[in-house]
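See below for the structure under consideration.
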Amino acid sequence: MPIIVNLDVMMAKRKMSLNELSEKVELTLSNLSILKTGKAKAIRFSTLEAICVALECQPGDILEYANDEDIRTTNR
Amino acid sequence: MSQKNNFVFKGLHIVAWIIFVGLCIEAGGLIVNFIFSLYKPEFVQNLYQKLDLSQMYNLNKWVFFSMYSFILFISILKACLFYVVIMLLNKLNLSKPFDTYVAGQIKNISYYTLSIGLISYLGQQTAKSIQHYGFEIDMLNQFWADSQAYILMAAVIYVIATIFSRGVEIQNENDLTV
C-alpha cells in the first residue's frame, strides 16, 4: 500500500500510549490498531483532525506517500 | 430491526423448512419408486402421487428411465435449493447482512434455480418430441410446468447476488474506515 501510516512514530515522539490516544480521539482500540498497522482502507477527516490535535502534529507527520519503487529501493 | 420484520423473517424460515421437508419427501418417494421400478416393473403403474407410466415403460424402457431421470434430477435439485435457502436463513444476521457467506449462498441459489429451469425446459422439450412417437406425456407436465419461470428467477437472483457482493465489498471497506 503506497500510503504509510507513521502513527507509532508520532506516538513514540509524544510518549503517548495507544490507550491514551484512543481516549483522546474517542476511537476504539481496535480501530486505532487497524490504522496503526496499516490495514485501514480510509480515514475520515474528523478522525485525522482529532489525531493531529491529540499528537500536536500535521497530517503529513502521520501520513506518508511512497510508491512501490521507493519501497523496494529503501528495502535494499 | 422492527418487530414486524423479525416476525416476517421467522415466518419465512418456518415456511422454508416446511417446503424443504415436503420436497425431501417427494424426492425420497421418487428415488424409492425408481429403485423399485428397476427390480419390480409392476410398480411402474402406481408411482409417486399415483403417476402411471406403464404405457411408456411397455413401449420403451429407455424412454421411461430417461424421462424419470429428468423428474428425479428436478426433484433432488429443488430439495437442494431449499436446503441452501435454509442454511442462508440460519446464518443471516439482519443487523449485519452483508456477509461473504450470505453473498455466496445467494449465488448458489441462483445456480441451483438456473439448473432446475434448464433441466425442466430440456425435459419439457424432450417430452414434446417423444409425443410424436405415441408416448403419453400429459401426466408428466406437472413436473416441468414452470421451467421458464425458474430461468427468469435465476437471472433475477443472480443480479441480486451481484448487488449483494458489491454490498459486502462496501461493508468491508466501511469496517476498515476509521
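All of these numbers come straight from a predicted model, not from anything done at the bench. Here is the naming used below: chain letters follow the sequence lines, and residue numbers restart at 1 for every chain.
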Show me the donor-acceptor pairs within less than 3.5 Å that the side chains of residues 100-107 of chain B make with the rest of the protein, sequence neighbours left out.
residue	atom	partner	partner atom	Å
B/Tyr101	OH	B/Gln105	NE2	3.2
B/Gln105	OE1	B/Asn108	ND2	3.1

Residue selection (most heavy-atom pairs with chain B, distance under 4.5 Å) from A/Leu48, A/Leu32, A/Thr47: A/Thr47
Tell me whether B/Tyr112 at atom OH has more than 12 heavy atoms from other residues, nucleotides or ligands lying less than 6.0 Å away. no
Is A/Glu20 atom CD crowded by more than 12 heavy atoms from other residues, nucleotides or ligands, each under 6.0 Å away? yes
Please evaluate residues B/Leu176 and A/Ile34 with respect to the criterion side-chain contact (heavy atoms from CB on, under 4.5 Å), reporting the C-alpha separation (whole Å), side-chain torsions for both, the decisive distance (0.1 Å), and the verdict. CA-CA 7 Å; B/Leu176 292 174; A/Ile34 286 169; 4.0 Å; yes
Could you look at A/Ile43 and say if it's the side chain, the backbone, both or neither that has a heavy atom under 4.5 Å from chain B? both
Any A/Arg44 side-chain heavy atom under 4.5 Å of B/Thr177 side chain: yes
Just wondering, are more than 12 heavy atoms of other shown residues or ligands nearer than 6.0 Å to CD in B/Gln142? yes
Exceeds 12 heavy-atom contacts within 6.0 angstrom, atom CZ of B/Phe65: yes
Look up atom NZ in A/Lys41 and atom CG in B/Asn172, then write down how far apart they are to the nearest 0.5 Å. 9.0 Å
